[in-house]
Amino acid sequence: MKTKRPLWDAYFMGIAHAVSHRSTCDRNHVGAVIVRDNTVLATGYNGSVRGLPHCAKTGHMMVNGHCTTTVHAEVNAIVQAARIGVAIQGGAMYVTSSPCWNCFKLIANAGITKICYGKEYGTDTALVKKYARRAGIILKRTAVLN
């Protein structure tokens, strides 16, 4: 019996979903994967600053409805690439939730040319869509494999 192989976008969203299970913030589990030429370059999930206690254990530092203890998955993926010396310019990012405005700015400045996201999260999605178009970045809602 022949099984149907997933398309690349669905495949990488599945990996982002798996990465999200490493999240240390119990409010929202988000995973991100940076890919170029169908090869995974870096991953990230939302969690506390390296070496500091996780907010799931110590409580959330809330500002305007957001936990500010947490470093976002997109940022952690970009930082991981930088730490290991991997160029991500021209790559794509797969993230389980739509990026916030601050993450979008970092993604754009890192040279990512395509962002695929799962669920819409937060109030920044319309702003991100507007500026993604202006910057020539493909922004695409993509289902996660089950």
Side-chain angles (χ1 to χ4, degrees), residues 1-56 60 64-146:
M1 177 183 222
K2 189 174 181 178
T3 59
K4 185 177 177 184
R5 294 175 67 196
L7 298 176
W8 287 112
D9 285 348
Y11 172 70
F12 291 123
M13 282 301 292
I15 294 172
H17 180 71
V19 170
S20 74
H21 293 291
R22 291 282 306 153
S23 172
T24 63
C25 182
D26 56 359
R27 293 186 71 246
N28 191 24
H29 294 243
V30 180
V33 178
I34 301 174
V35 174
R36 189 177 55 243
D37 298 326
N38 294 330
T39 301
V40 174
L41 302 176
T43 65
Y45 52 86
N46 58 321
S48 296
V49 173
R50 186 182 295 268
L52 295 181
H54 303 304
C55 57
H60 301 280
N64 296 327
H66 297 282
C67 178
T68 60
T69 305
T70 302
V71 179
H72 289 191
E74 302 94 323
V75 174
N76 277 327
I78 292 168
V79 168
Q80 183 189 60
R83 285 175 56 96
I84 62 175
V86 173
I88 58 175
Q89 184 171 350
M93 181 176 284
Y94 294 83
V95 61
T96 57
S97 293
S98 57
C100 70
W101 175 239
N102 284 326
C103 284
F104 171 76
K105 292 185 289 185
L106 293 171
I107 293 165
N109 278 0
I112 299 292
T113 58
K114 176 181 173 183
I115 304 166
C116 292
Y117 65 94
K119 66 181 177 179
E120 291 196 1
Y121 177 77
T123 58
D124 292 344
T125 304
L127 183 64
V128 169
K129 285 178 180 178
K130 175 181 176 180
Y131 283 95
R133 273 191 304 276
R134 286 185 179 180
I137 296 171
I138 297 166
L139 186 65
K140 177 180 172 186
R141 190 160 184 192
T142 305
V144 176
L145 286 177
N146 291 330

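This structure is a prediction, so every number in the text was calculated from the model and none was measured. Throughout, numbering of the chain's residues begins at 1 and tracks the sequence.
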**OP:** Can you measure from NZ (Lys129) to CD1 (Ile137) and round to the nearest 0.5 angstrom?
**Re:** 15.0 Å
**OP:** Output the distance between atom CD (Gln89) and atom CD1 (Ile112), rounded to the nearest 0.5 Å.
**Re:** 9.0 Å
Original post:
For Asn38, does the CG atom have more than 12 heavy-atom neighbours from other residues, nucleotides or ligands under 6.0 Å away?
Top reply: yes
Original post:
For the atom pair OG1 (Thr125) and NZ (Lys130), what is the distance rounded to the nearest 0.5 Å?
Top reply: 14.5 Å
**OP:** Could you tell me which non-hydrogen atom of Thr142 sits nearest to which non-hydrogen atom of Ala10, and how far apart they are?
**Re:** CG2-N, 4.4 Å
**OP:** Find the distance between CD (Glu120) and OG (Ser97) and round it off to the nearest 0.5 Å.
**Re:** 10.0 Å
**OP:** Quick one: do Tyr94 and Asp9 satisfy side chain to side chain donor-acceptor pair (under 3.5 Å)? Show the steps, please.
**Re:** CA-CA 8 Å; Tyr94 294 83; Asp9 285 348; 2.6 Å; yes
Original post:
Do Leu127 and Phe104 pass the side chain to side chain contact (heavy atoms under 4.5 Å, CB included) test, and can you show the C-alpha distance, the side-chain angles, and the key distance before you say yes or no?
Top reply: CA-CA 10 Å; Leu127 183 64; Phe104 171 76; over 6 Å; no
**OP:** Report the distance from atom CD of Gln80 to atom CG of Leu41, rounding to the nearest 0.5 Å.
**Re:** 10.0 Å
Original post:
Stepwise, does the side chain to side chain contact (heavy atoms under 4.5 Å, CB included) test hold for Lys119 with Asn28?
Top reply: CA-CA 12 Å; Lys119 66 181 177 179; Asn28 191 24; 3.2 Å; yes
Original post:
Taking the six-membered ring for Trp, are Trp8 and Phe12 parallel (under 30°), tilted (30 to 60°) or perpendicular (over 60°)?
Top reply: parallel
**OP:** Could you check Val35, Ile78, Ile88, Thr113 and say which one makes a side-chain contact (heavy atoms from CB on, under 4.5 Å) with Met93?
**Re:** Ile78
Subject >> Residue pair Thr70 / Cys55, side-chain heavy-atom distance below 4.5 Å >> reply: yes
Subject >> Exam field: side chain Asn46 to backbone Ser23, donor-acceptor pair closer than 3.5 Å >> reply: no
Original post:
Roughly how far, to the nearest 0.5 Å, is the OG atom of Ser98 from the CD atom of Glu74?
Top reply: 8.5 Å
Original post:
So, Ser20 and Thr96: side-chain donor and acceptor under 3.5 Å apart, yes or no?
Top reply: no
**OP:** Determine yes or no for a side-chain-to-main-chain donor-acceptor pair under 3.5 angstrom, with Asp124 supplying the side chain and Trp101 the backbone.
**Re:** yes
